[in-house]
*Asks:* 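Handing you a structure now.
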Amino acid sequence: MIDLCPCRDTRLRTDPEDTKMTLFADIHATVLAALAAMEAEAVLPAGLDTRAVAVEPPRDAAHGDMATNAAMVLAKAAGMNPRDIATALAVKLAQDPRIASADVAGPGFLNLRLTPAAWRGVVAAILDQAGGYGRSAMGQGRRVNVEYVSANPTGPLHVGHTRGAVFGDALASLLDFTGHDVTREYYINDGGAQVDVLARSVYLRYLEAHGQEVAFADGTYPGDYLIEVGQALKDKVGDKFVDTGEQFWLAEVRDFATDKMMGLIRADLAALGVKMDMFYSEKSLYGTGRIEAALADLRGKGLIYEGVLEPPKGKTPEDWEPRSQTLFRSTAFGDDVDRPVMKSDGAWTYFAPDIAYHYDKISRGFDELIDIFGADHGGYVKRMKAAVAALSDNRVPLDIKLTQLVKLKRGDEELKMSKRAGTFVTLRDVVDMVGADVTRFVMLTRKNDAPLDFDVEKVREQSKDNPVFYVQYAHARIQSVLRKGAEIGLVPGGVDDLGAIQDPAELTLVAKLAHWPRLVESAAEAHEPHRIAFYLYELASDFHALWNKGNADAALRFLQEDDPAVTRGKLAMIRAVAIVISNGLGILGVSPAEKM
RNA sequence: GCACCCGUAGCUCAGCUGGAUAGAGCGCUGCCCUCCGAAGGCAGAGGUCAGGGGUUCGAAUCCCUUCGGGUGCGCCA
């Protein structure tokens with residue numbers, strides 16, 4: 001049961017035309033060129049390692065628009081005083097028409113101020129690149145597999161899965177946006193005992209559908225969502241399983257129920273706007289020699305052996321007794337103990353098919369693997385990384401991101417129960433309460449490894465307490481102004497009109513837009529999509545501040561009916577803001593609002 | 001006992017992979033609409049970046065250690 005989505009566009013994004021220069025990258029290149037020239041002129045010794053040279057916005061805007069640490073990182077290797085290097089570099093850079101001033105500061109920082117014309121060039125570039133602004137080729141078409149959700153097919157997705165789903169999906173989009181060839185994948189845990197439990201639970205509902213009284217013992221799933229599955233089973237097979245033993249119905253009911261549950265899960269994912277490229281079945285690994293093949297690979301490397309594990313220190317389980325098991329030597333890769341791949345009764349542990357699954361991913365030719373797990377799988381990280389390192393001979397990196405718990409609240413009340421699922425609040429409950437857009441954005445307002453409080457009251461407020469609203473409101477305000485401008489025949493202009501952008505608040509906003517491409521790259525590099533959400537909030541904040549200044553100073557309003565040229569320039573600027581918000585929300589899978 | 005994650009303003013959290021005087025929101029105090037939507041904005045007070053060592057031009061960030069919180073540790077997945 002492996003299916004590929006045939007509709008996906010898998011072409012690589014390596015067209016160099018896609019790699020537009022951006023302001024920070026541009027200035028960075030300029031700095032490197034100046035350093036190379038200084039080497040050629042023997043101001044600096046030749047052959048310096050310039051990889052640590054950075055061009056960044058200074059933390060304090062009073063220091064300038066950009067700062068470079070070049071002098072300080074090169075000083076030691078060059079055997080020179082950093083301030084001397086900075087001074088010489090400043091002379092070179094000051095010749096660049098985009099650089100208004102270059103000042104040495106502190107221990108050897110070089111602070112750069114750009115000309116207003118350079119900032120205006122950013123606006124022109126954004127309007128030109130539109131949806132492509134911020135898109136990067138840094139991934140060079142590398143094939144990345146992002147595995148996420150991977151919930152057991154035993155019931156609907158709950159809030160915890162929702163966070164993993166949103167995080168994984170946004171990360172995948174971010175990697176796609178930065179030039180990676182991404183596959184979104186779901187691992188179906190349909191090979192273990194939990195699907196037998198599912199089958200037995202559905203069987204009870206099936207008997208119920210035939211009018212019998214049933215009791216749900218411990219270790220069965222009592223959730224309401226199985227009622228219709230029991231009914232559907234009755235519709236399909238009639239009464240042929242009613243008076244038969246488990247050996248006659250277990251396999252068929254299990255397959256039937258698993259299919260139904262995956263249908264449910266796919267629908268849940270669709271409600272959230274998540275679309276997987278591939279669903280990979282654990283069961284397909286059994287009885288096909290694939291687990292054996294993966295373990296044979298490890299055995300050939302001397303990493304599989306028969307042994308007896310020490311009992312865990314501290315609190316030994318009461319029924320603990322030494323048993324010989326088949327073990328994987330994960331300690332060779334930094335794990336604390338070696339891990340069993342086979343239970344003492346000869347059955348595979350969960351780890352064994354997972355090894356085979358990752359072996360399969362490696363053999364499909366991925367250059368990089370990413371797994372998104374819940375925080376309760378933290379103990380699993382080292383052994384999985386060990387297995388991938390061993391299977392790929394250290395060729396394929398595996399990054400495992402853990403998503404922390406979500407505490408769902410309504411004001412001070414904590415929401416825990418869902419009648420439908422019998423246990424947790426479901427993904428569907430959350431999406432029904434606040435909508436997919438809000439759910440997605442809020443799930444990304446924390447780092448993945450930080451716990452998240454999700455207040456379903458607060459996120460429906462239309463105020464700045466609600467970050468989703470705040471960002472969408474900025475976009476809607478811009479669209480409103482653009483519509484209003486169009487009504488009176490004023491539309492965003494081109495590069496010739498951008499002289500209207502002069503006020504410090506306007507230049508601050510434009511500078512923020514210039515940061516977008518490097519923000520995207522650093523977020524992708526770190527596998528941290530939440531940075532996009534925080535950036536969008538800051539951008540919205542800068543925009544709202546400028547908007548408000550228009551209340552006090554009419555010259556800062558975007559529509560100047562008596563001055564079409566200025567209006568065209570200002571409209572171009574705010575359209576650029578809207579483009580960046582739209583691109584950012586697009587990565588997060590949130591739709592930008594046209595009106596509110 | 002061991003491993004992993006975390007500890008930043010009264011509260012909830014960012015901090016761009018080592019940069020300059022540590023930021024935002026909430027809360028608190030005081031302001032701003034004859035308004036391109038105030039569904040917003042401005043200003044102020046508030047910090048021993050848990051404590052202690054180390055690495056270097058430079059540490060909230062990297063290393064060691066102590067304390068405190070969370071998660072996990074064969075025969076569940």
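As the structure is a computational prediction, the values presented were derived from the model and not from experiment. What's counted below: heavy atoms across the whole structure, side chains too, no hydrogens, waters or symmetry copies. Labels below follow one simple rule: chain letters A, B, ... track the order of the sequence lines, proteins then strands, and each chain is numbered from 1.
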*Asks:* For Arg339(A) and Thr331(A), indicate whether the former's side chain and the latter's backbone hold a donor-acceptor pair under 3.5 Å.
*Replies:* no
*Asks:* Hey, is C42(B) sitting syn or anti, using the within-90° cutoff around 0?
*Replies:* anti
*Asks:* Identify the pairs formed between an N or O of the protein and an N or O of nucleotides 17-19 of chain B at a distance under 3.5 Å, and give each distance.
*Replies:*
none

*Asks:* Mind checking if Ala523(A) touches a base, just sugar-phosphate, or nothing, with heavy atoms under 4.0 Å?
*Replies:* nothing
*Asks:* Measure from CD on Gln404(A) to C1' on U12(B) and round the result to the nearest Å.
*Replies:* 16 Å
*Asks:* Looking only at the side chain of Ala67(A) (C-beta and beyond, no hydrogens), which of the listed nucleotides A14(B), C36(B), A20(B) gets closest?
*Replies:* A20(B)
*Asks:* Closest approach to the side chain of Arg323(A), judged atom by atom: which nucleotide of C75(B), A77(B), A3(B) is it?
*Replies:* C75(B)
*Asks:* What's Gln194(A) touching, base or sugar-phosphate or nothing? Going by heavy atoms closer than 4.0 Å.
*Replies:* sugar-phosphate
*Asks:* Is the phosphate of A38(B), meaning OP1 or OP2, less than 4.0 Å from a side-chain N or O of Asn551(A)?
*Replies:* yes
*Asks:* Restricting to non-hydrogen atoms, name the atom on Leu415(A) and the atom on Arg410(A) that form the minimum distance, rounded to 0.1 Å.
*Replies:* CD2-NH1, 3.9 Å
*Asks:* Using atom CG of Leu405(A) as one end and atom C1' of U12(B) as the other, report the distance to the nearest whole Å.
*Replies:* 17 Å
*Asks:* Sort out for me which residue in His475(A), Gln479(A), Gln472(A) forms a side chain to side chain contact (heavy atoms under 4.5 Å, CB included) with Met596(A).
*Replies:* Gln472(A)
*Asks:* State the pairing partner of C4(B); accept Watson-Crick or G-U wobble contacts with both distances under 3.5 Å, and report none otherwise.
*Replies:* G70(B)
*Asks:* For G41(B), take OP1 and OP2 only and decide whether either is under 4.0 Å from a side-chain N or O of Lys549(A).
*Replies:* no
*Asks:* Tell me whether Arg329(A) contacts the main-chain N or O of Tyr305(A) through its side chain, where contact means a donor paired with an acceptor under 3.5 Å.
*Replies:* no
*Asks:* Can you figure out which of A3(B), A14(B), A77(B) approaches the side chain of Tyr380(A) most closely?
*Replies:* A77(B)
*Asks:* Heavy atoms only, 4.0 Å cut-off, all strands: where does Pro451(A) land among base, sugar-phosphate and nothing?
*Replies:* sugar-phosphate
*Asks:* CD of Glu306(A): more than 12 outside heavy atoms within 6.0 angstrom?
*Replies:* yes
*Asks:* Does the aromatic ring of His63(A) sit over the six-membered base ring of A20(B), closer than 5.5 Å centre to centre and tilted less than 30°?
*Replies:* yes
*Asks:* Is there a donor-acceptor contact under 3.5 Å from the side chain of Ser480(A) to the main chain of Lys595(A)?
*Replies:* no
*Asks:* In whole angstrom, give me the gap between the C1' atoms of C49(B) and U61(B).
*Replies:* 10 Å
*Asks:* Is the backbone of Tyr537(A) close enough, under 3.5 Å, to the side chain of Ser541(A) for a donor and an acceptor to pair up by distance?
*Replies:* no
*Asks:* If you compare every side-chain N and O of Lys343(A) against the phosphate oxygens of A77(B) (OP1, OP2), does one of them come in below 4.0 Å?
*Replies:* yes
*Asks:* Without decimals, in angstroms, what is the distance between Lys409(A) NZ and C11(B) P?
*Replies:* 14 Å
*Asks:* Counting side-chain heavy atoms from C-beta on, which of A3(B), A20(B), C13(B) comes nearest to Pro58(A)?
*Replies:* A20(B)
*Asks:* Pairing check on A9(B): which nucleotide meets the Watson-Crick or G-U wobble criteria with it, both distances under 3.5 Å?
*Replies:* none
*Asks:* Is any NZ, NE, NH1 or NH2 atom of the basic residue among Arg51(A) and Asp49(A) found under 4.0 Å from an Asp or Glu carboxylate oxygen of the other?
*Replies:* yes
*Asks:* Could you please name the partner base of C42(B), counting Watson-Crick and G-U wobble pairs only when both distances are under 3.5 Å?
*Replies:* G30(B)
*Asks:* To the nearest Å, give me how far apart CG (Asp503(A)) and P (C36(B)) are.
*Replies:* 18 Å
*Asks:* Kindly indicate whether the side chain of Asn111(A) and the base of A20(B) share any N or O donor-acceptor pair separated by less than 3.5 Å?
*Replies:* yes
*Asks:* Rounded to the nearest angstrom, tell me the gap between atom CG in Leu452(A) and atom P in G25(B).
*Replies:* 20 Å
*Asks:* Could you measure between the two P atoms, the one in C5(B) and the one in G52(B), and give it in whole Å?
*Replies:* 23 Å
*Asks:* Which of the following nucleotides, A14(B), A77(B), A24(B), is nearest to the side chain of Tyr537(A)?
*Replies:* A24(B)
*Asks:* Would you indicate what Leu559(A) reaches in the nucleic acid, counting non-hydrogen atoms under 4.0 angstrom: base, sugar-phosphate, or nothing?
*Replies:* base
*Asks:* Sticking with atom C1', work out how far C13(B) lies from G47(B), rounded to a whole angstrom.
*Replies:* 15 Å
*Asks:* Distance between the P atoms of G68(B) and U29(B), in whole angstroms?
*Replies:* 38 Å
*Asks:* Given C36(B), A14(B), G41(B), identify the nucleotide with an atom nearest to the side chain of Phe534(A).
*Replies:* A14(B)
*Asks:* Within less than 4.0 Å of OP1 or OP2 of A77(B), is there a side-chain N or O belonging to Trp348(A)?
*Replies:* no
*Asks:* Under 4.0 Å from OP1 or OP2 of G15(B): is there any side-chain N or O of Lys447(A) that close?
*Replies:* yes
*Asks:* For Asp345(A), answer base if it contacts any base atom (sugar-phosphate contacts may also be present), sugar-phosphate if it contacts only those atoms, and nothing otherwise; contact means non-hydrogen atoms under 4.0 Å.
*Replies:* nothing
*Asks:* Can you tell me the distance, in whole Å, between the NE2 atom of His377(A) and the P atom of G72(B)?
*Replies:* 10 Å
*Asks:* Report yes or no: do Gln194(A) and Thr154(A) form a side-chain donor-acceptor pair below 3.5 Å?
*Replies:* no
*Asks:* Using only atom types and a distance under 3.5 Å, with no angle test, would you say the side chain of Tyr535(A) pairs donor to acceptor with the backbone of Lys512(A)?
*Replies:* yes
*Asks:* Any strand counts, and the cut-off is 3.5 Å on both contacts for Watson-Crick or G-U wobble. Which nucleotide pairs with C62(B)?
*Replies:* G54(B)
*Asks:* By the rule that syn is within 90° of 0, classify the base conformation of U17(B) as syn or anti.
*Replies:* syn
*Asks:* Which atom pairs, one a donor and one an acceptor, fall under 3.5 Å between side chains of residues 544-558 of chain A and the rest of the protein, sequence neighbours left out?
*Replies:*
unit_1: His544(A); atom_1: ND1; unit_2: Arg477(A); atom_2: NH1; d: 3.0
unit_1: His544(A); atom_1: NE2; unit_2: Tyr470(A); atom_2: O; d: 3.2
unit_1: Asp553(A); atom_1: OD1; unit_2: Ala555(A); atom_2: N; d: 3.0
unit_1: Arg557(A); atom_1: NE; unit_2: Gly550(A); atom_2: O; d: 2.6
unit_1: Arg557(A); atom_1: NH2; unit_2: Gly550(A); atom_2: O; d: 3.2
unit_1: Arg557(A); atom_1: NH2; unit_2: Asn551(A); atom_2: O; d: 3.4

*Asks:* Take the protein atom CG of Asn448(A) and the nucleotide atom C1' of C13(B), then report the distance between them rounded to whole Å.
*Replies:* 14 Å
*Asks:* Return the 5'-most residue of the pair Ala540(A), Arg477(A) with respect to RNA chain B, ranking by each residue's nearest nucleotide.
*Replies:* Arg477(A)
*Asks:* Rounding to the closest angstrom, what is the interatomic distance between A59(B) and G53(B) at atom P?
*Replies:* 14 Å
*Asks:* Measure from the side-chain N and O atoms of Ser150(A) to the backbone N and O of Tyr186(A), and report whether any donor-acceptor pair falls under 3.5 Å.
*Replies:* no
*Asks:* Compare side-chain N and O positions of Tyr470(A) against OP1 and OP2 of G41(B) and report whether any pair is under 4.0 Å apart.
*Replies:* yes
*Asks:* Say you pick atom P in A38(B) and the same atom in G44(B); how far apart are they, in whole Å?
*Replies:* 23 Å
*Asks:* Taking the same atom, P, in G25(B) and in A45(B), what whole-Å distance lies between them?
*Replies:* 15 Å
*Asks:* Looking at His530(A), does any N or O in its side chain come under 4.0 Å of the phosphate oxygens OP1/OP2 on G15(B)?
*Replies:* yes
*Asks:* Between P on C33(B) and CG on Leu556(A), what's the gap in Å once rounded to a whole number?
*Replies:* 17 Å
*Asks:* Find which nucleotide of RNA chain B each of Ala476(A) and Gly191(A) is nearest to by heavy atoms, and output the residue with the more 5' nucleotide.
*Replies:* Ala476(A)
*Asks:* Rounding to the closest angstrom, what is the interatomic distance between C26(B) and C64(B) at atom C1'?
*Replies:* 38 Å
